[in-house]
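To keep things clear, I will list the structure first and then write my remarks on it.
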Amino acid sequence: MLLDVKEIICGYENTIIVDGCNFSVKKGDIACIVGPNGAGKSTAMKAIFGLIPIKSGKVIFKNEDITSLNPQERVMKGMSFVPQNNNIFQEMSVEENLEMGAFIHQSSMNKNLKNVYNLFPILNEKKSQIAGELSGGQRQQLAVGRALMTNPVLLMLDEPSAGVSPIVMKDLFKKLQVISKMGTSILVVEQNAKQALEISNLGFVLQNGKNKYNDTGKALLQNPEVRVSFLGG
Amino acid sequence: MEIINAFALIINYIIIPGLTYGCQLALGALGVTIIYTVLRFSNFAHGELMSFGAMTSILITWIISYFGISIFPLPTVILALPISILITISYCLLVDKFCFKYHREKNSKNVISLIVSIGVMFFTSGLIRVLIGPNDRTINDGERFIISAREFKEITGLTEGISLKLSQSITIIVSIIAVVLLFWFLNKTKTGKSMRAYSDNKDLALLSGIKTENIIFYTWLITGTLACIAGTLYGLDKSYKPFTYLQLVLPIFAAAIVGGIGNPVGAIIGGFVISFSELLITFSYNKFLSYLIPINFLPEGSLQLLSTNYKIAISFIILVLVLILKPTGIYKGKLL
Amino acid sequence: MKTDFISEKKYINSYFVCAFLFLLVGLFQSWNVAFSILNLCLISSIMSIGINIQWGNSGIVNFGVMGFAAIGGLCGVLISMPPTLEVWKDGTAIILIILFSFLISGILIKKFWKIFVHNKHLKILLSIIIILFSLYLIKSIFIPSTNFIENTNSAKTGYIGGLNLPIILSWPIAGLFCGVIAFLIGKIALGLRSDYLAIATLGISEIIIYIIKNEEWLARGVKNVNGLPRPVPYEIDLQKNEFLQIISETLNLSVIEFSSLIVKSLYSILFILVLLIIFFLLQKAIKSPWGRMMRAVRDNEISAEAMGINVKKRHLQVFIIGSAIIGISGAMLTTLDGQFTPSSYQPLRYTFLIWIMVIIGGSGNNHGAIIGGFAIWFFWIQAEPIGIFLIELITIFLSDQNEMKLYLLNHAAYMRLLLMGLVLILALRFFPKGIIEEEKRL
Ligand SMILES: Nc1ncnc2c1ncn2[C@@H]1O[C@H](COP(=O)(O)OP(=O)(O)O)[C@@H](O)[C@H]1O
Ligand SMILES: [Mg+2]
């Protein structure tokens, strides 16, 4: 097991948003968390990455309890995170964004840079452009590219397809599959549940801060209850 | 010939003093802007930090002179500068540790940090007066002029002289070196880029493994360096009077805000906008025009937009106008 | 009523400490010093109440205390001094005043054009016309009239003079006048973010001081106006009074000292009256629905807006009220000094020191503002003796001729700046709520 999240409870100040969630990701998995708006998906992701404190529960990564580590230390351990909002450095050039991604993995930077450019050729074309001037799809590619610069074992993404066109989204999902083939496991939160579950081998349906269903992506897609309540029929 | 005289007049009374004062303001505004973008508060203590830098420069200069070391015709203070920069940086780091760090970690509102900076301002100005006293001190022990007005007139045969003080050229040269180094640091080095990244998107910077403590350290390193250089140059050019640095705070904020606070290029441009406006608005154009148009066409009375008494007030007026009409300044929204 | 009494009781201790310090100074230094300190403490308290209702009740950062205080002082001159008849007879002064107001408001009114003029080109054209017209007016009327006024008996007057009314009248008038100025400033600046507002108000107050310093026709500028009339009797007249002579003898005081004591204590009584009036009016306001609304605005502007409160208007109201109070205290200060000295207005003393009073006293509570005003002014005055005492204590093992000791003693006066900074920094860290916490009210 690569990542094991056990019964985490967390929230903001004195409200509890995530109330006993479990996720597990194996090596090579694409795992997908879906659920209605406000279910606590983003909150859970932040908690897994150590951006907000966990009230109880455990996060185990590569058989090691990392619950008390801060985000930077988790980056060092091989996790990487693409937040939902503000996920690029607006005022910096594309290449500088990627360099910042590699801040703590300076030695293998050139190799990683090449990999990211191969994966997203458009970023290579626009490498000296200011990131704030990119289109929505390009920004998301850049955000993913930045996260890949640490050469992570586990890539976590929070709604990478938010605000992009269906074509770009499809392309992005393909890229995620490529990334997972190259040996990086993926944990992704998605609004476009159907398309996301199609590429995932694991799915978690979240509601009111709790796991409602856990199954393979295919099984969830075929589950009539899930279809009716979460996939829009 | 007349036209050349008119030019000489402008160069002597506007260009040279404007460049000098502009450099001093720009260096100060850079310090304010960098604190503002990285630590997110307006540092009212910056003027006193500059004064602290100038004071340490003087104290070190005394020590150096005591050992009989001198680099005449250059002023001894140049030798003292590297050491006083280090001392100023250490002071900044101490101030941060005991005053600002707590509120940063507690996520206090940035107005609170602003008020803390007023406390630092009081403390530092008191400390300076206790250490060196409130009196006037000359820093410049080097040659006074590179070329004096009289020499210039003798050489060129013009009626108008141009004088260039050594302190003025040192100010301009040192400022250029400092600014070039600063921009090189911010745009080319890994640490500099990480500072820009931090000021651009703090959360993402943390996610990328950039450490807050390092950024804060480098921020004060740069601020302390700039403050010490700016303060020393200001004292070198005029003479060191502790109380003048408090009056420098608003013109410095004016420069930073005119250029768009948070933007280093803006801070530099803002510095020159302020310094040249002060000179151009209070300059009396009678003599200048007398070189260009026949005497009988000259209008009567003084051709001056505002009396020289209002010189410093001009920076306040610009500041207030910019805040009211275009609070984002010239370069909107760009960070570091 | 009963709950009121209990809640007020909490502050009594702090007031007792103040009274005790007053007694200490009176007994060990002198009663004259004690009353001098008391009077300035009272004025400082009123100033810090002014800032406190802006900062503590609405979170407005007004760094323009110096400007409003100076305008208040200016009112003192313009109300109480005799008019310079020569310049009023031929109308020069009237023209000048109208023109001056026109120029000042011309700058401010530019902001209001938005309401009337929408065409951009028209706006630019109008601005240019107004600027050229103003320049013409300045050249043709303004400068000659100011020169005329300033040259009229320039050693003694050289300014327009005042209305020759009792100086006490200038206190409420200063309040009104500063309220109007605050309205204009608030209209254009209150939309700014807190730190920009701080810088803007500081800048505006500097501009005000520059104008007062340089427009000599208005109040003699840096030449100062001396000998303002007093609301209380003069010492010389008191000294002639036989009854007082007898009392001073029985009290074993010199007549001179006794008369100046009486004058000072009369001022104290006047100031305490003003302080009480302002204080009780404000307490009433704070307890009213209006006060509740103000706190709702401060605690959460967004939800207050959602509740239908016009946040901008509320902010403007407190800005006006607070600035008016500062104006009143400015006029009182000039009255007490008996002179108006524009160059004495420094931001360190008038703006930042008052802010320290508010922070130390505890923002959001007028008792706190009063106590803060007392404590900080007392400390500001007594820091030097305290500094000397501390230095003596630390260097007790050094001989009196020791150079370091002498040096430190010579510079003890500057300890006050250092200590004041330290107090502010430490207070924000360890007692962010100040000496007196804000009352919890619903
Ligand atoms: N920073 C925050 N502070 C307080 N509450 C928050 C914060 N962020 C989100 N919430 C609340 O947490 C709940 C879950 O939010 P989120 O995890 O973003 O949901 P999802 O990503 O599933 O749409 C929402 O009700 C939201 O209002
Ligand atoms: Mg979300």
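Values below: every heavy atom of this structure, side chains too, minus hydrogens, waters and symmetry copies. Per chain, numbering begins at 1; letters A, B, ... match sequence-line order.
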Task: salt bridge (Lys or Arg N to Asp or Glu O under 4.0 Å): pairs with one or both residues in residues 68-86 of chain A, sequence neighbours excluded - done: A:Glu64-A:Lys77

Open item on the list: Closer than 3.5 angstrom, by distance alone: can the side chain of A:Asn86 be matched with the main-chain N or O of B:Asn201 as a donor-acceptor pair?
Closed with: no

Open item on the list: I need the residue from B:Ala197, B:Ala205, B:Gly209 with the largest number of non-hydrogen atom pairs under 4.5 Å to chain A.
Closed with: B:Ala197

Task: Heavy-atom pair of closest approach, residues B:Leu207 and A:Val75 - done: O-CG2, 3.2 Å

Open item on the list: Is it true that, when you exclude A:Phe23 itself, more than 12 heavy atoms of the residues, nucleotides or ligands shown sit nearer than 6.0 Å to its CZ?
Closed with: yes

Task: Gap separating the CG atom of A:Leu51 from the CG atom of B:Asp203, nearest 0.5 angstrom - done: 7.5 Å

- [ ] Identify the two heavy atoms, one from A:Met100 and one from B:Ser208, that lie closest to each other, and give their separation to 0.1 Å.
- [x] O-CB, 3.4 Å

Task: Separation of B:Thr212 OG1 from A:Gln72 CD (nearest 0.5 Å) - done: 6.5 Å

Open item on the list: Taking atom NZ as the centre, does A:Lys114 end up with more than 12 heavy-atom neighbours from other residues, nucleotides or ligands that are less than 6.0 angstrom away?
Closed with: no

Task: Under 4.5 Å from a heavy atom of chain B, the part of A:Glu99 involved - done: side chain

- [ ] Mind checking the CZ-OG1 spacing from A:Phe103 to B:Thr191? Nearest 0.5 Å is all I need.
- [x] 6.0 Å

Open item on the list: So which atom in A:Met92 and which in B:Asp200 form the shortest heavy-atom distance, rounded to 0.1 Å?
Closed with: N-OD2, 3.8 Å

TODO: Sort out for me which of A:Met79, A:Gln90, A:Met76, A:Met149 touches chain B most, counting heavy-atom pairs under 4.5 Å.
DONE: A:Gln90

